[in-house]
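Counting convention: from 1, in listed order, for ligands and their atoms alike. Start at 1 with the first residue, then count along the sequence. The basis for the numbers below is simple: all heavy atoms, side chains too, and nothing from hydrogens, waters or symmetry mates.
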Amino acid sequence: MARQPSTKQLSDWDRTYLWHPFTQMQEWEQEEPLIIERGKGSYLIDTEGKKYLDGTSSIWVNLHGHRHPSLDRAIKKQLDKIAHSSLFGLSNPPAIELARALIRIVPKGLTRVFYSDDGSTAVEIALKMAVQYWQLRRPEAGPKNTFLHLKLAYHGDTVGAVSVGNIDLFHGRFKSLLFPTAEADPPYCYRCPLSLTYPSCEMACLDPIEQILKERHRELAGFIIEPLVQAAAGMLTSPPGYLKQIRELCTKYNVLLIADEVATGFGRTGKMFACQHEGVMPDLMAISKGLTGGYMPLAATLTTDEIYQAFLGRYADFKTFFHGHSYTGNPLGCAVALANIEVFRKEKTLARLQPKIKAMARLLQPLRKLPHVGEIRQQGFIVAIELVEDKKTKKSYPLEERVGHRVTMEARSQGLLLRPIGNVMVLMPPLSTSLPELRRMVEILRESIETVTLGIQSNTGS
Ligand SMILES: *Cc1c(COP(=O)(O)O)cnc(C)c1O
């Protein structure tokens, strides 16, 4: 076997050949990259053997820890049979068994599974299915092919997914490529677009949404939403009952509800799926990140029998859903996803998570008093700490000060890996994280916030 290149060698090659996602490469090239070689449980281990707590679940995907024996075994076992064969005109056992297992755990009423490779493609598929559904269902009516979504939404980085997203920093440059949509204000209660306060507002933000639905339902194919938590916006948690109301409005105006559970699915919010907190059945649902327990790129779009039936006909009717990817239904991915669902059952992951969610809330409580912590939002094992320059006026730090990034680098030096969203610190550990590990994560996060934000204060004062 070839000798493993040294850390120095890898570091040079990285900066010579790689282009990293969401990364200013000019800055990247000037620093030594942290190169992760291994993982174990809640820890990531770099090429020098240094251990770090994985505070983001490797960007929101890992659930049961790294190197989980059952998940490792599932891939090895499948590899002894075949790595990949196609779902075009063929089938394979893991893809079949996973589809059946998924239908048993998703909101009741979703009955069909269409595979793809990542969250963005699962969203694209939901959008295309919705548009084609209305063509097939009501061929005589005018086009019903527009989408309603919330401002600050994030549904992925491919062009269709960006069209229904609204984070200007990421999406602004590509406006000319995007299809037009209808947008509504999100329930960002800390910075309420209507300047109201929950619960006395009685969720007045739903009124303009109803207005849009009333005026434009004839052209609206669907309302796409991140249920309970607008993740990439900074983990904006919606007030209880909000999602249920959205469901009722969509039903009332005959607009499909598309739930993007890519970030919230698989236990992250405290239930298997976020929709299940409010007994909501979406018409289409996109899942990915946690689907394989953070092991392999795999995604699925699920839908109802009503939508599925509309696509049926003789071949010559050309009602077929003409969409697919080379790796659709990849057996390795499906095998590990199946094992992931099995781990939830065997290890009672969701039941064991509940006391840890409460512990997390308790651990975070003292951080609320810090002078630059504007708000702490928590939904299950998703936590956001919004840092502000001025707590009274909620004035944000200027983005170019990179406060979130500086807190992240401080935390890294203490052994915790994070990825902030602007000035919002995100803590999203694997569901398997132990109580002592959780305690240590919050402790490092607290110290790092204090070091950086109080440092800033004394700088401006001098
Ligand atoms: C991450 C994410 C996506 C995109 O998934 P990728 O696998 O990165 O393409 C879509 N929707 C939500 C809510 C996400 O958090």
S.K.: Looking only at distances, can you tell me whether any N or O atom of Trp60, backbone or side chain, sits closer than 3.5 Å to an N or O atom of ligand 1?
M.R.: no
S.K.: Can you check whether Lys289 has an N/O within less than 3.5 Å of an N/O in ligand 1?
M.R.: yes
S.K.: Are any non-hydrogen side-chain atoms of Val403 and Val452 less than 4.5 angstrom apart?
M.R.: yes
S.K.: Near Asp260, which atoms of ligand 1 are under 4.0 Å from a heavy atom of that residue?
M.R.: 10 (C), 11 (N), 12 (C), 13 (C)
S.K.: Between ligand 1 and Ser120, is the shortest N or O to N or O distance under 3.5 Å?
M.R.: yes
S.K.: Is it possible for you to check whether Lys289 lies under 6.0 Å from the centre of the six-membered ring of Phe266, through NZ or CZ, and within 45° of that ring's axis?
M.R.: no
S.K.: Relative to the heavy atoms of Ala263, which atoms of ligand 1 are at a distance of less than 4.0 Å?
M.R.: 15 (O)
S.K.: Just let me know how Asp118 lines up against ligand 1, side chain, backbone, both or neither, with a heavy-atom cut-off below 4.0 Å.
M.R.: both
S.K.: For Gly119 and ligand 1, does the shortest N/O to N/O distance drop below 3.5 Å?
M.R.: yes
S.K.: Quick one: side chains of residues 92-107, donor-acceptor pairs under 3.5 Å with protein atoms, not counting sequence neighbours, listed by atom name and distance.
M.R.:
unit_1 : atom_1 : unit_2 : atom_2 : d
Asn92  : OD1    : Ala95  : N      : 2.9
Asn92  : ND2    : Gly329 : O      : 3.1

S.K.: What part of Glu226 sits under 4.0 Å from ligand 1 if we count only heavy atoms: the side chain, the backbone, both or neither?
M.R.: side chain
S.K.: Taking only heavy atoms of Gly156, which atoms of ligand 1 are found under 4.0 Å from at least one of them?
M.R.: 4 (C), 10 (C)
S.K.: Would you mind running through ligand 1 and noting each atom that sits below 4.0 Å from a heavy atom of Tyr154?
M.R.: 2 (C), 3 (C), 11 (N), 12 (C), 13 (C)
S.K.: By number and element, which atoms of ligand 1 are closer than 4.0 Å to a non-hydrogen atom of His155?
M.R.: 10 (C), 11 (N)
S.K.: Under a 4.0 Å threshold between the charged nitrogen and the carboxylate oxygen, would Asp283 count as salt-bridged to Arg247?
M.R.: yes
S.K.: CD of Glu261 to CD of Gln276: how many Å apart, nearest 0.5 Å?
M.R.: 7.5 Å
S.K.: Answer yes or no: is there an ion pair linking Lys252 with Glu210, defined by an N-O contact shorter than 4.0 Å?
M.R.: yes
S.K.: Is it true that Glu375 and Arg191 have a side-chain N and a carboxylate O under 4.0 angstrom from each other?
M.R.: no
S.K.: Just distance, no hydrogens or angles: give the donor-acceptor pairs under 3.5 Å from side chains in residues 151-164, sequence neighbours left out.
M.R.:
unit_1 : atom_1 : unit_2 : atom_2 : d
Tyr154 : OH     : Asp157 : OD1    : 3.0
Tyr154 : OH     : Asp157 : OD2    : 3.0
His155 : ND1    : Asp260 : OD2    : 2.7
Thr158 : OG1    : Glu124 : OE2    : 2.5
Ser163 : OG     : Val159 : O      : 3.0
Ser163 : OG     : Phe179 : N      : 3.1

